[in-house]
Amino acid sequence: MADKKLVAATFTPFDSKCEVNLSQIGPYIDYLTKRQGVKSVFVNGTTGESLSLSVAERKMLAEEWCKKAKGKMEVIVHVGCMSLKDSQELARHAVEIQADAIAVMAPFFLKPKTAEALRLYLQEVASAAPILPFYYYHIPAITGVHVPARDVIANIQELIPMFRGVKFSDTDLMDLGQCVSSSPPQWSFLYGVDEQLLAGLAMGADGAAGSTYNYLGCHANKLIAAFKNCDLDRAREIQFKLQELLSCARNFGFDLGVNKQLMINVSGLLLGPPRLPVMPCPPSNVQAIAKKYLEIFPEC
């Protein structure tokens, strides 16, 4: 069985005024690689508040991640926007800064109604970065585009020769399974529902991409290793612990603001508050979650 990839969907560092703070990206990379054993990042995605950022801010962040991560980790840059032209601009920029790959979610203001419409949209974005591996970012709970991923990627390589897989952030394991079973072996399916990673692996996911791997990466890597070694008892044990922590967090309204503050508490990085309309997490709430984190995971 080939090595399975773990990808951290990164938070965007802000200062106290919610301006992008590039100074934290170097320490962030060191934390992920040295403390969490994470060697790949998904930049400017949902966790990174990408749709709350300007195109210029997204370029700044992507460039700094690629520059500081060179030789240390893989950088997948999410370039999806509501505007096709903005997405193409970000895709061209990703080529210039030598990103390792790009990904695109479906636009969700004026939504594509069919798999064909979404495929054509993805093709137009990919055409701006024809040399980069291309991933479709499937996250219907956020986009409201409930076209099955299996329909979107059917024959997509005819339109996008560099198509390499899907960041599959959905609970529909039948859809995931049909994607895996009908796709060429060189494609990757990165599962994006952290609380049921083991189920995604069992359905053939090649790895995982999610927000909690910023601070739970070392434990997710152990889960993946146990699965690879056919030690399902150990893999379930770790998955149940991850679920216990996330269940606790949900009791405090586990949104992006809570998630980001938990990362700050665990890592010590100065990532700042989320940008409006996301609200910061009350300190007492995140302290309770961080306490649970230390009880469940006293060490990596």
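- In this model, no donor atom of one side chain and acceptor atom of the other lie less than 3.5 Å apart for Tyr28 and Ser267.
- Formation of a donor-acceptor pair under 3.5 Å by the Glu74 side chain with backbone atoms of Val41 is not found in this model.
- By the neighbour-count criterion of 12 heavy atoms within 6.0 Å, atom CZ of Arg92 is densely surrounded, having more than that number from other residues, nucleotides or ligands.
- The backbone N or O of Gly48 lies less than 3.5 Å from a partner atom in the side chain of Thr12, making a donor-acceptor pair.
- At least one donor-acceptor pair closer than 3.5 Å links the side chain of Asn229 to the backbone N or O of Ala225.
- Cluster annotation: Leu216 is connected to Phe11 through the hydrophobic network of ILVMFWY side chains, with a link wherever side-chain heavy atoms come within less than 4.5 Å.
- Residues Tyr137 and Phe42 bring their aromatic ring centres within 6.0 Å.
- Of the possible polar contacts, none joining the Lys4 side chain to the Leu190 backbone as a donor-acceptor pair under 3.5 Å is found.
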Test log, rule side chain to side chain contact (heavy atoms under 4.5 Å, CB included), inputs Phe240 and Ile296: CA-CA 10 Å; Phe240 292 158; Ile296 299 171; over 6 Å; no
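- Of the possible donor and acceptor atoms, one in the side chain of Tyr293 sits under 3.5 Å from a partner among the backbone N and O of Tyr215.
- Lys85 and Ser87 share no donor-acceptor pair across their side chains, judged by distance under 3.5 Å alone.
- The pair Glu158-Arg119 fails the salt-bridge criterion, with no side-chain N (NZ, NE, NH1 or NH2) lying under 4.0 Å from an Asp/Glu carboxylate O.
- Side-chain contact annotation: Gln36 with Tyr31, donor-acceptor N/O pair under 3.5 Å present.
- The closest donor-acceptor contact from the side chain of Asn259 to the backbone of Phe254 lies at 3.5 Å or more, if one exists at all.
- Going from atom CG of Leu262 over to atom CD1 of Ile289 covers 6.0 Å, rounded to the nearest 0.5 Å.
- At least one donor-acceptor pair under 3.5 Å links the side chain of Gln239 to the backbone N or O of Glu195.
- Side chain of Lys260 to backbone of Pro273: a donor-acceptor contact under 3.5 angstrom is found.
- Listed for the Asp194 side chain is a donor-acceptor partner under 3.5 Å among the backbone atoms of Thr212.
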- request: Could you check Glu89 against Lys59 for side chain to side chain contact (heavy atoms under 4.5 Å, CB included), going step by step and ending with a plain yes or no?
  value: CA-CA 9 Å; Glu89 182 178 343; Lys59 284 183 175 182; 2.7 Å; yes
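- Checked options Phe134, Tyr136, Phe163, Tyr135; the residue passing with Trp187 is Phe163 (criterion: ring pair (Phe, Tyr, Trp, His ring centres under 6.0 Å)).
- The backbone N or O of Gly45 sits less than 3.5 Å from a side-chain atom of Ser50, completing a donor-acceptor pair.
- Counting only heavy atoms from C-beta outward, the side chains of Arg58 and His93 never approach each other to under 4.5 Å.
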